[in-house]
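Heads up, the thing below is written out as structure tokens.
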Amino acid sequence: MTYAAENPQSDAGSNDDLADEFLGALAALGGSAGNGRLREILEWDEASYEAVKGDLLSRRLIVPGRGRGGSVALAGGSEGEHSGNGQAASCAPRTRAPNGSRATTASSFEQAFRAIDDCLRKEAGCGTELDYTEQTSWLLFLKYLDGLEDDRAAMALLEGRSHTPILEEAYRWNSWAAPKDADGQLDHNAALTGDDLRDFVNQRLFPYLEQFKQRASGPNTIEYKIGEIFGEIRNKISSGYNLREIIDVIDGLRFRSQAEKHELSMLYEEKIKRMGNAGRNGGEYYTPRPLIRAIVQVVNPQIGETVYDPAVGSAGFLCEAFEFMRKGGASGKELTTEDLDTLQTRTFTGKEKKSLAYVIAIMNMILHGIEAPKVLHTNTLTENLSDVQERDRFDVILANPPFGGSERKEVQQNFEIRSGETAFLFLQHFIRLLRAGGRAGVVIKNTFLSNTDNASVALRQKLLEECNLHTVLDCPGGTFQGAGVKTVVLFFEKGAPTRRVWFYQLDPGRNLGKTNPLDDRDLAEFVELQKTFADSPKSWSLDVANVDPQTFDLSVKNPNAAQAVVHRSPQEIMAEIAALDAECGDVLTRIKRLLG
């Protein structure tokens with residue numbers, strides 16, 4: 001049975017997408033991988049993974065591997081090329097593309113990222129996953145920029161017009177990073193290395209690129225983004241020889257085609273995930289993708305609508321919304337050329353305060369296929385809400401704002417309900433920036449539903465009176481790695497007051513953690529039941545008329561849950577037995593006295 005038969009909601013187009021995603025991930029892992037490793041990369045539940053795998057095996061696109069724990073390999077390759085543990089036995093050969101650059105085989109993407117991390121571990125200034133991702137990102141961006149220059153030049157030639165390069169020749173990738181000889185090979189005589197390379201990058205390249213912010217015509221241009229990125233981050237690779245090694249690896253990568261970008265984006269997402277798991281502030285950078293996909297499905301953004309994330313982080317919400325809409329949304333309809341242009345240029349907007357997250361967001365969106373991401377480097381909360389006009393509003397807001405942080409008193413002055421909790425300020429921003437009829441799906445701490453402080457009560461009242469809070473998803477502990485807090489997802493529509501709130505208490509039936517994360521299957525029932533707001537052992541509705549008008553308490557209290565049986569400890573039971581024995585003894589003594 002194919003996975004189409006096992007999942008009646010999927011159609012032929014989505015089946016092909018899943019198969020392509022499976023094959024792309026397998027190729028990115030070297031063409032052979034253990035089932036556990038591959039499923040972790042895909043973030044699929046076991047049933048979906050087995051269904052897709054079974055279909056591909058029946059079509060002979062993959063073959064069983066030799067790993068003891070169960071593995072698969074791409075069909076058509078020599079079995080001797082893969083080791084049983086799912087790793088490529090040796091680096092895949094690189095071939096020359098027609099323009100002289102090295103074409104990247106699928107298996108070299110993961111090997112390249114590993115080689116880069118190995119080099120960065122030698123650097124004293126790079127001690128965490130955050131450092132590895134940051135330093136990889138600015139180099140990947142410059143490599144991407146070189147390809148963008150070539151594309152623009154080719155388009156200008158086809159249209160018979162002149163082309164002015166973004167960068168001066170001396171600062172182009174193929175001039176300073178990877179100059180080529182007549183055969184298209186790296187010209188070792190012209191290529192900088194050692195101290196010369198490090199000094200060029202620190203003293204000439206970064207200052208040159210930083211100036212682009214002042215010279216750009218506007219914040220949505222690629223020139224402005226260049227200036228923003230290189231004005232905020234710094235090269236932490238102190239050894240010019242390590243830098244030379246990393247550049248050689250990145251020069252071998254090609255991500256011009258959609259297929260190449262897709263494979264590279266999956267590995268980049270994996271880096272972001274590891275970075276998110278690296279510390280207590282992980283949720284700041286990484287929201288679990290299965291949760292994001294469920295939120296996007298419920299909110300259901302449409303072509304022609306604008307989608308906004310004012311706390312964009314690594315741009316997970318915008319990337320997943322792009323993928324959902326690119327595939328035709330819930331209907332799966334094929335997009336026209338005009339639809340695709342709208343999706344690329346007039347749909348997504350993000351804002352990010354922190355420098356590292358800003359760089360990662362731009363790179364992540366580029367790798368997912370958004371060619372000129374509209375991500376602004378700014379503190380969203382400093383914007384005066386009283387200045388917001390209709391043209392500033394959005395149809396859809398998807399976000400996981402930072403919680404637990406605080407803002408200065410002058411920033412809090414911008415808001416009707418003042419609070420030191422950044423998430424509460426962001427929630428007011430969401431309500432203000434939504435158009436009438438606009439929809440939102442946002443993550444917030446679960447204590448927002450029940451806190452009794454003045455700001456919490458006032459904000460719940462505002463949300464219920466100005467928006468239709470139709471759905472609350474209660475997430476279990478461990479959903480966000482390292483965050484240490486429980487969260488809920490609020491789904492609301494602006495323009496009408498709330499009459500009823502539908503709650504769903506997510507219970508995957510296991511403890512979530514780094515080795516056992518949330519997956520799509522865990523959220524499938526929620527997505528399905530939410531369509532009709534159906535009651536179930538995990539879901540129920542609350543009539544707002546029954547909410548206390550003094551506190552507007554929306555605590556998650558499942559009336560359908562089985563009453564928990566409280567088992568007393570053996571010590572408590574023995575103490576009660578002893579007490580009953582003593583009482584019986586007293587009664588017998590009194591009876592004996594009466595009988596005399």
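Position 1 is the first residue of the sequence; numbering continues from there. Model, not experiment: these values are computed from the prediction.
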Does CG in Asp507 sit with more than 12 non-hydrogen atoms of other residues, nucleotides or ligands closer than 6.0 Å?
yes

Residue pair Glu228 / Ile362, side-chain heavy-atom distance below 4.5 Å:
no

Does a side-chain N-to-carboxylate-O contact under 4.0 Å join Arg432 and Glu416?
no

Does Glu390 come within less than 4.0 Å of Arg393, counting only side-chain N to carboxylate O?
yes

Do Val296 and Pro301 make a side-chain contact, defined as non-hydrogen atoms from C-beta onward lying under 4.5 Å apart?
yes

Step by step, work out the side chain to side chain contact (heavy atoms under 4.5 Å, CB included) result for Leu434 and Tyr308.
CA-CA 9 Å; Leu434 271 181; Tyr308 175 51; over 6 Å; no

When rounded to the nearest 0.5 angstrom, what distance separates OG in Ser456 from CD1 in Ile417?
9.5 Å

Show, in sequence, the C-alpha distance, side-chain angles and deciding distance for Phe552 and Leu459, and conclude whether the side chain to side chain contact (heavy atoms under 4.5 Å, CB included) test is met.
CA-CA 9 Å; Phe552 296 93; Leu459 190 50; over 6 Å; no

Glu528 with Lys531: basic N within carboxylate O range, under 4.0 Å
yes

For Leu142 and Phe230: C-alpha separation, side-chain torsions, deciding distance, then whether side chain to side chain contact (heavy atoms under 4.5 Å, CB included) applies.
CA-CA 11 Å; Leu142 291 180; Phe230 291 93; 3.6 Å; yes

So how far is it from Gln412 CD to Thr422 OG1, rounded to the nearest 0.5 Å?
10.0 Å

On the 0 to 90° scale, with breaks at 30° and 60°, tag the Phe426-Phe430 ring pair as parallel, tilted or perpendicular.
tilted

Can you find a pair of side-chain heavy atoms, one from Ile444 and one from Phe424, that are under 4.5 Å apart?
yes

Looking only at side-chain N and O atoms, does Asp553 offer a donor or acceptor that is under 3.5 Å from a partner on Ser450?
no

Quick check against the 3.5 Å criterion: does Asp395 have a side-chain atom that pairs as donor or acceptor with the backbone of Thr306?
yes

Would you say the side-chain atoms of Thr479 pair up with the backbone N or O of Pro476, donor to acceptor, closer than 3.5 Å?
yes

Do other residues, nucleotides or ligands put more than 12 heavy atoms under 6.0 Å from the CG atom of Asn511?
no

Without swapping roles, check the side chain of Glu465 against the backbone of Pro497 for a donor-acceptor pair under 3.5 Å.
no

Is there side-chain contact between Val307 and Phe317, with heavy atoms separated by less than 4.5 Å?
no

Side-chain contact test, heavy atoms from C-beta onward, threshold under 4.5 Å: evaluate it for Val556 versus Leu449 and give yes or no.
yes

Classify the angle between the aromatic ring planes of His377 and Tyr358 as parallel (below 30°), tilted (30 to 60°) or perpendicular (above 60°).
parallel

As an exercise, state the distance from CD of Gln297 to CD of Gln530, rounded to the nearest 0.5 Å.
10.5 Å

Exactly one of Val472, Val544, Leu464 clears side chain to side chain contact (heavy atoms under 4.5 Å, CB included) with Leu554, and that residue is Leu464

Closest heavy-atom contact between Phe448 and Arg460?
O-NH1, 2.6 Å

Kindly compute the distance separating CG (Leu343) from CZ (Phe322), expressed to the nearest 0.5 Å.
5.0 Å

Please give me the minimum heavy-atom distance between Leu506 and Leu473, naming the atom from each residue.
CB-CD1, 4.1 Å

Measuring only between side-chain heavy atoms, which start at C-beta, is Asn300 closer than 4.5 Å to Phe324?
yes

Which atoms form the tightest heavy-atom contact between Thr347 and Thr342, and what is the distance?
OG1-O, 2.8 Å

Validation row: Asp387, Asp392 side chains within 4.5 angstrom (heavy atoms)
no

Work out which heavy atom in Asp309 is nearest to a heavy atom in Ala311; give both atom names and the distance.
OD1-N, 3.0 Å

Scanning both residues in full, the closest heavy-atom pair of Lys236 with Cys126 reads CB-SG, 3.9 Å

Please verify the inter-ring angle class for Tyr144 with Phe141; under 30° counts as parallel, over 60° as perpendicular, anything in between as tilted.
tilted

How many angstroms lie between atom OG of Ser539 and atom OH of Tyr504, to the nearest 0.5 angstrom?
7.0 Å

May I ask you to decide whether Arg326 forms a salt bridge with Glu323, counting only side-chain N to carboxylate O separations under 4.0 Å?
yes

Determine yes or no for a side-chain-to-main-chain donor-acceptor pair under 3.5 angstrom, with Asn414 supplying the side chain and Leu385 the backbone.
no

Closest heavy-atom pair, Asp522 versus Pro517, reported as atoms and distance to 0.1 Å, is OD2-O, 4.3 Å

Could you go step by step and tell me if Phe503 and Val488 meet the side chain to side chain contact (heavy atoms under 4.5 Å, CB included) rule?
CA-CA 10 Å; Phe503 288 82; Val488 293; over 6 Å; no

Do Glu421 side-chain atoms and Ala423 backbone N/O form a donor-acceptor pair below 3.5 Å?
yes

Residues at least two apart in sequence or cross-chain that pass side-chain hydrogen bond (donor to acceptor under 3.5 Å, both in side chains) with Gln413, listed by chain then number, are Arg418

Nearest 0.5 Å please: distance from the CG atom of Asn468 over to the CZ atom of Arg500.
11.5 Å

If only atom types and distance count, is the side chain of Thr487 paired as donor or acceptor with the main-chain N or O of Cys475 below 3.5 Å?
no

Test your reading of the model: is there a side-chain donor-acceptor pair from Asn364 to the backbone of Ile360, 3.5 Å cut-off?
no

Are Arg346 and Asp341 ion-paired here, with the side-chain N under 4.0 Å from a carboxylate O?
yes

Give a yes or no answer on whether the side chain of Gln135 reaches the backbone of Leu130 with a donor-acceptor pair at less than 3.5 Å.
no

Backbone N/O of Asp453 and side chain of Asn451: donor-acceptor pair under 3.5 Å
no

Donor + acceptor pair across side chains of Asp339, Thr336 (<3.5 Å):
yes

Would you find a donor on one side and an acceptor on the other, under 3.5 Å apart, between the side chain of Thr380 and the backbone of Pro310?
yes

Taking side chain as C-beta onward, heavy atoms only, is Thr382 less than 4.5 Å from Glu410?
no

Between Lys494 and Glu466, does any side-chain N to carboxylate O distance fall below 4.0 Å?
no

Can you spot which of Arg289, His368, Arg293 makes a side-chain hydrogen bond (donor to acceptor under 3.5 Å, both in side chains) with Glu320?
Arg293

